[in-house]
Amino acid sequence: MSQPKTLFDKVWDAHLVRPETADTPAVLYIDLHLIHEVTSPQAFTELRQRGLRVRRPDRTLATMDHSTPTTPRNALGIIPVIDPQAIAQLDQLRANCAEFGIPLYELGSANQGIVHVIGPEQGLTQPGMTIVCGDSHTSTHGAFGALAFGIGTSEVGHVLATQCLLQYRPQTCAVRVDGRLQPGVTAKDIILAIIARYGVGGGTGHVFEYMGEAIRALSMEERMTICNMSIEGGARAGMVAPDDTTFAYVAGRPYAPQGAAFETAVARWRQLPSDEGAVFDKAMDLDASTLAPMITYGTNPGMGIPIDAPIPTPEQLPDAASRQALDKAMAYMGLEPGKPLLGHKVDMVFIGSCTNSRISDLRQVAAFLKGRKVAEGVRVMVVPGSQQVKRQAEAEGLDAIFLAAGAEWREAGCSACLGMNDDKVPPGKYAVSTSNRNFEGRQGPGARTMLASPLTAAATAITGVVTDPRTMLS
Amino acid sequence: MEPITTFSGKAVAVAINDIDTDQIIPARWLKVTDKSGLADGLFEAWRYLADGTPNPDFPLNRPAAAGASVLVAGRNFGCGSSREHAPWALQGYGFKAVIAPSFADIFRGNSLKIGLLPIVIDEETYHELLSHIAEDPETTVSVDLPNQRLVLPGGRAVSFPIDSFARHCLVHGVDQLGFIQQQDEAIAAYEAATPDPVNTLRPAVAG
C-alpha cells in the first residue's frame with residue numbers, strides 16, 4: 001500500500017504541473033482565481049507592460065468589495081460612490097475585466113459581495129480545488145477541503161498570466177477540536193481560542209487541517225468562520241475534510257456540477273479526507289466542551305480571553321516580549337491588566353466581514369435582537385456579506401428586526417473590517433466586532449476593536465456594554 | 001529587477017514583535033492603482049503624531065536614522081494582510097532588507113518577489129544587533145546575498161537561510177514570472193489531462 005496521505009497532500013499532489021526540485025519550487029496549478037479592486041490593478045499593469053493575456057479568464061472571477069461603500073441605495077437604486085480614489089479603483093477593475101474578458105460582479109449587482117462569501121455561495125468553491133486571491137482571508141475556502149490561500153499582487157500577476165504559482169510545499173499541522181460546544185459558544189470562539197492558545201505565529205509555515213468531533217458537527221458556514229481566521233494563527237491555509245455536510249451545501253449551486261456529474265464529483269471528493277495513519281508535521285488541540293465565548297482585549301487576534309475572565313497581568317505572561325506587547329496594547333486600548341472586559345462600555349458594534357456575515361450569522365443576531373432595542377448611544381452596523389445574503393435576510397424579515405431594534409441594515413461589502421471605505425470606528429472609540437483583526441488602526445485610525453462572535457456582538461449591542469451572550473439565551 | 005549581490009547599510013530598529021501589515025501600511029493607502037507614494041504612509045500611525053507632524057520618538061524619525069536601508073524588527077514581521085503594498089512601502093522608503101527572527105509567510109514571499117530581502121536571524125543575534133544599534137545609532141551591517149552572510153558590527157558573520165531559487169532570481173535580477181512562462185508546455189499538458197472543475201464564464205445552472 002502506498003504511503004498514507006493527508007488531505008493537503010492529496011490536493012497538492014493533484015495540482016503539480018512540475019514537482020519541486022533542489023533548485024526550483026513546485027509549479028502549482030490554480031483552479032480558481034478570485035480578484036478584487038484593491039490588489040489587482042498593479043498586476044494588470046504588469047501584464048500590459050509585458051504584452052501578456054490572461055491565460056484562463058474562465059477560471060477567474062472579479063468582485064468589488066474592499067473600497068466600496070455600504071451605504072443604502074439612493075432613489076435610483078444605485079449605491080453612490082463618493083471617494084474619488086475608490087471610484088478610480090472600481091473604474092480600473094471594470095476596464096481590466098472588460099479588456100481581458102473576466103466576469104465581474106459589479107457593485108450593487110445581484111451576485112456582488114465579499115470575495116470569500118460569493119465563491120462558496122455560487123458553488124465555485126469545491127472540494128479538492130486550489131483557490132487563490134490577493135487577500136489573506138482566502139483561507140476561508142479551505143472549509144470545503146480546498147487548498148486556498150492569500151497571495152500578493154506579484155503572484156496575482158503570475159496566476160493571471162500562467163494560471164500557476166511557484167510554491168514550496170508547506171508543512172502540515174493537525175488541529176484537533178473534540179467535545180461539544182456549550183450553548184452560546186460558537187465556531188468563532190473555537191478559532192479565537194486556538195489563536196489565543198498557540199499565538200499569531202503558531203501556524204507559520206504550515207497548513208492547518210481542522211478535525212475532530214467538534215469540527216464535524218459544524219455547518220459549512222461555521223467551518224468557513226474557522227478556516228477564515230487560519231491566517232490569524234499564522235497559517236496561510238486551513239482545511240476541513242469534505243463530508244456529507246459539504247456535499248449538501250455545494251449541491252444545486254449555480255457553478256456546482258449537476259445531476260450525474262455531481263454524483264461523479266462526490267465520489268471523487270469522498271477520496272479526499274486524510275488517510276488513516278497520515279503523518280502531520282505538527283499538532284494542536286482544543287477541547288470545545290470547556291470553551292466559553294471568547295473576546296480579544298489587545299491589538300492582535302492572539303490576545304483573547306474567555307469573556308468572563310480578566311485581562312491577563314504582566315506576571316501571568318511567559319516572557320519580556322509578551323509583557324512589552326501587553327503594555328503597548330493596554331496603552332492603545334485604554335484598558336488595564338487584571339480588569340474584566342465584561343461590563344466595559346462600547347460605542348459601536350460591527351456585525352459583518354468575511355468571517356461572520358453569512359445568513360446563519362445574521363439569523364443568530366436577529367434572534368437576539370428580535371423585540372429588543374440596541375442600547376442608546378451605540379451604533380450598530382449589520383452588513384451582509386453579499387447581495388444574495390442580503391436578499392435572503394430580507395426574505396426572512398431579518399432586516400425589519402434589525403431596523404426595529406435601531407441597528408443599521410446596509411449594502412454588502414467588507415465595510416468596517418478594514419478601514420479603507422467610509423465605514424470606520426472613530427478614534428478612541430470601542431467596538432465589539434465580528435471581524436477578524438484587532439490590529440491598531442485596523443477599523444480606522446485610533447479605533448479600539450474587541451473581536452467576538454455574532455452572539456456576543458448582539459448581546460453587547462442590546463446592553464451597550466461587553467456582555468456574555470450566555471446570560472441572554474432564552 | 002535590479003540584481004542584488006552585496007551591500008552595506010545603516011540599520012534602524014523597530015523592536016516590536018508581530019508587526020502586522022496594517023501597521024506597515026494602513027488600508028487607506030491601498031486605494032492607489034500604482035505603487036507610487038506608498039513610502040509616505042509607511043508606519044503612518046506610529047511615525048506621525050495626531051497633528052500630522054513626525055513623532056520624534058519613532059525610530060525612523062531620529063536624525064541618526066536618516067538614510068537607513070536596513071530595518072531590524074521583532075519576530076513574525078509582516079503578519080496579517082497579504083497586501084504587497086507593505087513591501088512596496090518599505091522599498092519605496094529606501095529599505096533594501098528587513099532583518100527579523102521570523103517573518104509571516106505571505107510577507108516573506110511578497111518581499112522576495114520585489115527584491116526586498118527578508119533576512120532571518122536567531123533571537124540571540126537579534127538582541128545583539130539591537131544592542132549595537134542602541135549603543136551606536138549609526139550602526140551599519142553588510143549583506144552578502146550570494147554567500148548568504150550577514151556581517152554584524154564588530155565583524156561577526158552569521159549565515160541566513162534563503163531558498164536557492166529566490167537567491168538565484170535576486171542575484172541575477174531575473175523575475176519569477178519568466179520561469180513559470182517557460183513551463184508553458186507542461187502547463188498545457190496539465191490542462192489537457194485535467195477536467196475543468198469550474199468555468200466562471202458559464203454557470204452549470206442559471207444563477
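Every chain is numbered from 1 and lettered A, B, ... according to where its sequence line falls, protein lines coming before strand lines.
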Margin query: Need one label for B/D34: side chain, backbone, both or neither, based on atoms under 4.5 Å from any heavy atom in chain A.
Written below: backbone
Notebook entry, point to check: Quick check: are there more than 12 heavy atoms from other residues, nucleotides or ligands sitting under 6.0 Å from CZ of B/R62?
Noted result: yes
Checklist line | Residue B/A186 versus chain A: region with a heavy atom under 4.5 Å | finding: both
Note to self: Any heavy-atom pair between the side chains of A/T39 and B/E84 that's under 4.5 Å?
What the structure shows: no
Checklist line | Heavy-atom pair of closest approach, residues A/Q89 and B/V32 | finding: NE2-O, 3.2 Å
Notebook entry, point to check: Does any heavy atom of chain A fall under 4.5 Å from the side chain of B/P26, the backbone, both, or neither of them?
Noted result: neither
Next item on the list: Could you please state which residues from residues 167-180 of chain B sit under 4.5 angstrom from chain A, measuring non-hydrogen atom to non-hydrogen atom, sorted by number, or 'none'?
Entry: B/D175, B/Q176, B/L177, B/F179, B/I180
Check: Where on A/N436 is there a heavy atom nearer than 4.5 Å to chain B: the side chain, the backbone, both, or neither?
Finding: neither
Item checked: Side chain / backbone / both / neither for A/L124 at chain B, heavy atoms under 4.5 Å -> both
Next item on the list: Can you run down the salt bridge (charged side-chain N to carboxylate O under 4.0 Å, His left out) pairs that involve residues 15-29 of chain B, sequence neighbours left out, and say none if there aren't any?
Entry: A/R442-B/D22, B/D22-B/R83, B/R28-B/E44
Next item on the list: Measure A/L93 against the heavy atoms of chain B and call it side chain, backbone, both or neither at under 4.5 Å.
Entry: neither
Note to self: Within the structure provided, determine whether B/Q181 and A/L52 are in side-chain contact (heavy-atom separation under 4.5 Å).
What the structure shows: yes
Note to self: Heavy-atom pairs under 4.5 Å with chain B - which of A/R437, A/Q92, A/R236 has more of them than the others?
What the structure shows: A/R437
Next item on the list: Name the option with the most non-hydrogen atom pairs under 4.5 Å to chain B; the candidates are A/G152, A/P427, A/A88, A/A325.
Entry: A/G152
Next item on the list: Under 4.5 Å, counting heavy-atom pairs only, tell me which of B/A50, B/A86, B/A15, B/G80 racks up the most with chain A.
Entry: B/G80
Notebook entry, point to check: Picking from A/Q388, A/E155, A/Q324, which has the most non-hydrogen pairs under 4.5 angstrom with chain B?
Noted result: A/E155
Check: Is it the side chain or the backbone of B/A193 that comes within 4.5 Å of chain A heavy atoms, both, or neither?
Finding: neither
Margin query: Working to the nearest 0.5 angstrom, can you tell me the gap between B/D163 CG and A/T24 OG1?
Written below: 10.0 Å
Checklist line | From OG (B/S81) to CE (A/M420), nearest 0.5 Å | finding: 10.0 Å
Next item on the list: Using non-hydrogen atoms and a 4.5 Å limit, figure out which bit of A/H33 sits close to chain B: side chain, backbone, both or neither.
Entry: neither
Check: Roughly how far, to the nearest 0.5 Å, is the CZ atom of A/R18 from the CD atom of B/Q182?
Finding: 9.0 Å
Next item on the list: Heavy-atom distances under 4.5 Å only: say whether B/Y190 touches chain A with side chain, backbone, both or neither.
Entry: side chain
Notebook entry, point to check: What's the spacing between B/F165 CZ and A/T21 OG1 if we round to 0.5 Å?
Noted result: 9.0 Å
Item checked: Under 4.5 Å from any heavy atom of chain B - which part of A/H137 -> neither
Next item on the list: Select one option (side chain, backbone, both, neither) describing which atoms of A/D23 are under 4.5 Å from chain B's heavy atoms.
Entry: both
Notebook entry, point to check: Which of residues 111-128 of chain B get closer than 4.5 angstrom to chain A, counting heavy atoms alone?
Noted result: B/K113, B/I114
Checklist line | Part of A/A235 lying under 4.5 Å from any heavy atom of chain B | finding: neither
Notebook entry, point to check: Out of A/V200, A/L61, A/V156, which one racks up the most heavy-atom pairs below 4.5 Å with chain B?
Noted result: A/V200
Note to self: For a quick test of reading the model, state the closest non-hydrogen atom pair linking B/I106 to A/S136 and the distance between them.
What the structure shows: CD1-CB, 4.1 Å
Check: Measuring heavy-atom distances to chain B, does A/P103 have an atom under 4.5 Å in its side chain, in its backbone, in both, or in neither?
Finding: both
Item checked: Shortest non-hydrogen contact from B/I16 toward A/K328 -> CD1-CE, 3.4 Å
Next item on the list: Heavy-atom pairs under 4.5 Å with chain B are the metric here; pick the option from A/G201, A/G150, A/S154 that has the most.
Entry: A/S154
Checklist line | Heavy-atom proximity to chain B below 4.5 Å, by part of A/Y168 | finding: side chain
Check: If you count heavy-atom pairs under 4.5 Å with chain B, which of A/G205, A/S67, A/G234, A/A86 comes out on top?
Finding: A/G205
Checklist line | Per-residue contact mode, B/W29 against chain A (heavy atom under 4.5 angstrom) | finding: neither
Check: Are A/T153 and B/W88 close enough that some pair of their side-chain heavy atoms sits under 4.5 Å apart?
Finding: yes
Notebook entry, point to check: Is chain B contacted by the side chain of A/V27, its backbone, both, or neither, given a heavy-atom distance below 4.5 Å?
Noted result: side chain
Margin query: Does any backbone or side-chain atom of A/A265 lie under 4.5 Å from a heavy atom of chain B? Answer side chain, backbone, both or neither.
Written below: neither
Next item on the list: Ignoring hydrogens and angles, tell me if any N or O in the side chain of B/T200 forms a donor-acceptor pair with the backbone of A/T60 under 3.5 Å.
Entry: yes
Next item on the list: Determine the minimum heavy-atom distance between A/Q42 and B/T33, stating which atoms define it.
Entry: NE2-C, 3.6 Å
Checklist line | Leading residue by heavy atom contact count with chain A [cutoff under 4.5 Å; candidates B/T21, B/N17, B/N110, B/T194] | finding: B/N110
Notebook entry, point to check: Does any heavy atom of chain B fall under 4.5 Å from the side chain of A/Q126, the backbone, both, or neither of them?
Noted result: side chain
Checklist line | Spatial distance of atom CG (A/D58) from atom CG (B/L201) [nearest 0.5 Å] | finding: 5.5 Å
Checklist line | Heavy atoms of other groups near A/R50 CZ, more than 12 under 6.0 Å | finding: yes
Checklist line | Point-to-point distance, once rounded to the nearest 0.5 Å, from CZ of A/F149 to OG of B/S82 | finding: 11.5 Å
Notebook entry, point to check: Can you say whether A/A14 sits under 4.5 Å from chain B via the side chain, the backbone, both, or neither, judging by heavy atoms?
Noted result: backbone
Next item on the list: With sequence neighbours excluded, tell me which residues meet salt bridge (charged side-chain N to carboxylate O under 4.0 Å, His left out) with B/E191.
Entry: A/R55, A/R56
Checklist line | Smallest separation among heavy atoms of A/Y255 and B/V198, with atom names | finding: O-CG1, 4.1 Å
